[in-house]
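These notes concern the structure reproduced below.
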Number of protein chains: 4
Amino acid sequence: MASVNKVILIGHLGKDPEVRHLEGGNSVANFTLATNEYYKDKQGTRIERTEWHHIAAWRGLAELAEKYLRKGQQVYVEGRIRTRQYQDKDNQTRYVTEIVAEEISLLGSRPGGATAQPAAAGSSAEEPVTFRQEPELDQLPF
Amino acid sequence: MASVNKVILIGHLGKDPEVRHLEGGNSVANFTLATNEYYKDKQGTRIERTEWHHIAAWRGLAELAEKYLRKGQQVYVEGRIRTRQYQDKDNQTRYVTEIVAEEISLLGSRPGGATAQPAAAGSSAEEPVTFRQEPELDQLPF
Amino acid sequence: MASVNKVILIGHLGKDPEVRHLEGGNSVANFTLATNEYYKDKQGTRIERTEWHHIAAWRGLAELAEKYLRKGQQVYVEGRIRTRQYQDKDNQTRYVTEIVAEEISLLGSRPGGATAQPAAAGSSAEEPVTFRQEPELDQLPF
Amino acid sequence: MASVNKVILIGHLGKDPEVRHLEGGNSVANFTLATNEYYKDKQGTRIERTEWHHIAAWRGLAELAEKYLRKGQQVYVEGRIRTRQYQDKDNQTRYVTEIVAEEISLLGSRPGGATAQPAAAGSSAEEPVTFRQEPELDQLPF
DNA sequence: TTTT
DNA sequence: TTTT
């Protein structure tokens with residue numbers, strides 16, 4: 001049956017992306033993204049709560065992440081929720097929920113000490129830095 | 001800093017909602033929602049993968065869930081991602097990622113053997129069944 | 001600069017799609033989609049307001065529309081807003097705002113007298129009816 | 001029937017908001033927001049196309065707009081599509097499609113020569129600048 | 001671990 | 001554990 005599983009995030013990277021190049025030619029970048037919410041508790045004190053999202057960006061988006069994304073950067077991430085099982089060190093089944101990125105756009109200024117420009121030439125700073133994953137590739141098992 | 005944490009799901013309920021009425025007058029409904037994705041593996045075989053989302057609907061949305069939502073029902077859920085910590089039976093820290101619902105709409109037909117009409121009268125079947133949480137209440141700590 | 005232009009609609013088709021096959025091999029399906037909102041006026045009377053969206057579905061999505069979409073059908077449409085200029089019969093510049101579809105999913109039951117099954121064989125009824133446009137094709141001028 | 005009419009935009013303001021204070025205590029801010037898309041034409045030339053969205057922000061969001069939004073600012077706008085009729089100077093019926101804002105967040109740096117800080121004191125620069133409309137007020141006729 |  |  002048709003269904004929709006869509007996530008839209010705007011937040012800041014908690015660290016530089018970690019990129020792994022997998023056997024078979026695939027690559028994946030992982031990074032964390034902070035979103036914040038604010039509310040008042042019963043005493044009226046303003047509380048800030050940070051949610052840390054685990055982002056997985058595959059193939060073309062992994063390259064974008066490697067070239068352009070740095071700790072502190074503000075980005076738009078569109079993707080879908082995916083929960084993976086794994087065995088922890090005590091051989092117990094654990095679950096981790098990730099956001100599989102389908103589109104990433106760089107927003108605003110580029111703080112954090114790192115340059116947002118790619119090290120390599122060929123991609124001018126005037127270009128908008130947006131990338132959407134090709135859906136059919138995005139559907140490969142991983 | 002301003003940020004966005006938005007989830008949009010369309011899927012089917014895996015079971016009837018479980019509603020708890022908390023001390024202090026708050027209530028919360030929990031249910032699971034299935035979304036499906038399809039892809040072809042390297043052999044070209046069509047694979048279906050189901051993602052199970054854990055939905056938490058508070059206060060007014062808990063009442064809506066209790067009255068209208070049943071196993072098998074197709075719904076639209078808009079909300080935000082929230083990861084909670086808890087201690088498991090071995091006193092280890094574990095994490096569970098939920099979707100805190102901010103809007104729920106009933107879609108399509110109402111399968112599953114259960115009547116989608118509320119047990120109580122007063123809410124006619126002709127009404128559109130949509131409900132949006134009041135943001136300020138939605139911000140209470142929980 | 002990077003930007004986002006995203007529309008998410010769930011509504012019912014006001015009429016069967018009209019499909020045009022253009023010179024150059026392109027095709028486009030046009031249909032209207034109704035969404036409803038409800039509010040109370042100052043006297044407390046419940047008011048219903050219908051918004052009619054003009055949807056344009058290109059290429060692969062036009063084929064999906066032609067095969068599966070019928071008047072009365074409930075659908076999910078994801079796309080982007082685009083305003084086009086044209087000259088009216090008095091040679092005045094006029095504007096029309098459309099939603100260019102990027103993803104369409106069939107929802108719920110299939111009312112409206114028309115069968116939702118395609119006339120042609122080869123696409124079994126068990127398949128989920130969802131289609132996402134290939135982004136690069138979707139970017140062609142039109 | 002339940003339906004969804006949702007728009008998510010990230011773009012830059014084309015001009016400072018124009019705020020009108022209406023009889024009855026209501027206020028509305030209007031501004032334009034540019035989003036850009038890029039594609040290659042059949043000759044492979046890179047084309048940029050700008051879409052101008054007409055945003056209407058009511059009541060609390062009008063105040064936010066008046067205090068914080070300036071030409072050139074990058075913002076996130078969430079809202080719904082609404083097409084209004086009006087009579088033009090030749091007494092012909094015309095249509096204009098607007099985005100009625102339901103949430104606005106300021107993004108990134110604050111360019112454009114104008115200070116993004118409010119003229120009035122009392123709202124410190126450390127606050128996140130996000131505002132969501134109260135739904136019930138948002139449903140008033142206009 | 002981000003941002004203000 | 002849903003749906004087709």
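Just so it is clear, the model here is predicted, and its values are computed rather than measured. Within every chain, numbering begins at 1; the chains are lettered A, B, ... in the order of the sequence lines, protein sequences first and strands thereafter.
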[X] [atom1] to [N] [atom2]: how many Å, rounded?
X         : N      : atom1 : atom2 : result
Gln74(A)  : dT2(E) : CD    : P     : 15 Å
His12(A)  : dT2(E) : NE2   : P     : 11 Å
Leu9(B)   : dT3(F) : CG    : P     : 17 Å
Leu13(A)  : dT3(E) : CG    : P     : 10 Å
Gln73(A)  : dT2(E) : CD    : P     : 15 Å
Ile99(A)  : dT2(E) : CD1   : P     : 20 Å
Leu107(A) : dT4(E) : CG    : P     : 14 Å
Glu18(A)  : dT1(E) : CD    : P     : 14 Å

Picking from dT2(E), dT1(F), dT2(F), the nucleotide nearest the side-chain atoms of Asn36(A) would be dT2(E)
Using the test salt bridge (Lys or Arg N to Asp or Glu O under 4.0 Å), find all partners of Glu18(A) that sit at least two apart in sequence or belong to another chain. Lys15(A)
Pair Glu78(D) + Lys6(D): basic N to acidic O under 4.0 Å: yes
Between Asp88(B) and Arg94(B) (salt bridge meaning N to carboxylate O under 4.0 Å), is one present in this structure? yes
Mind checking Thr35(B) for me? I need base, sugar-phosphate or nothing, with any heavy atom below 4.0 Å counting as a touch. nothing
Can you name the residues that form a side chain to side chain contact (heavy atoms under 4.5 Å, CB included) with Glu66(D), not counting sequence neighbours? Val19(D), His21(D)
For the base of dT2(E) and the side-chain ring of Trp52(A), does the geometry meet a stacking cutoff of under 5.5 Å between centres and under 30° between planes? no
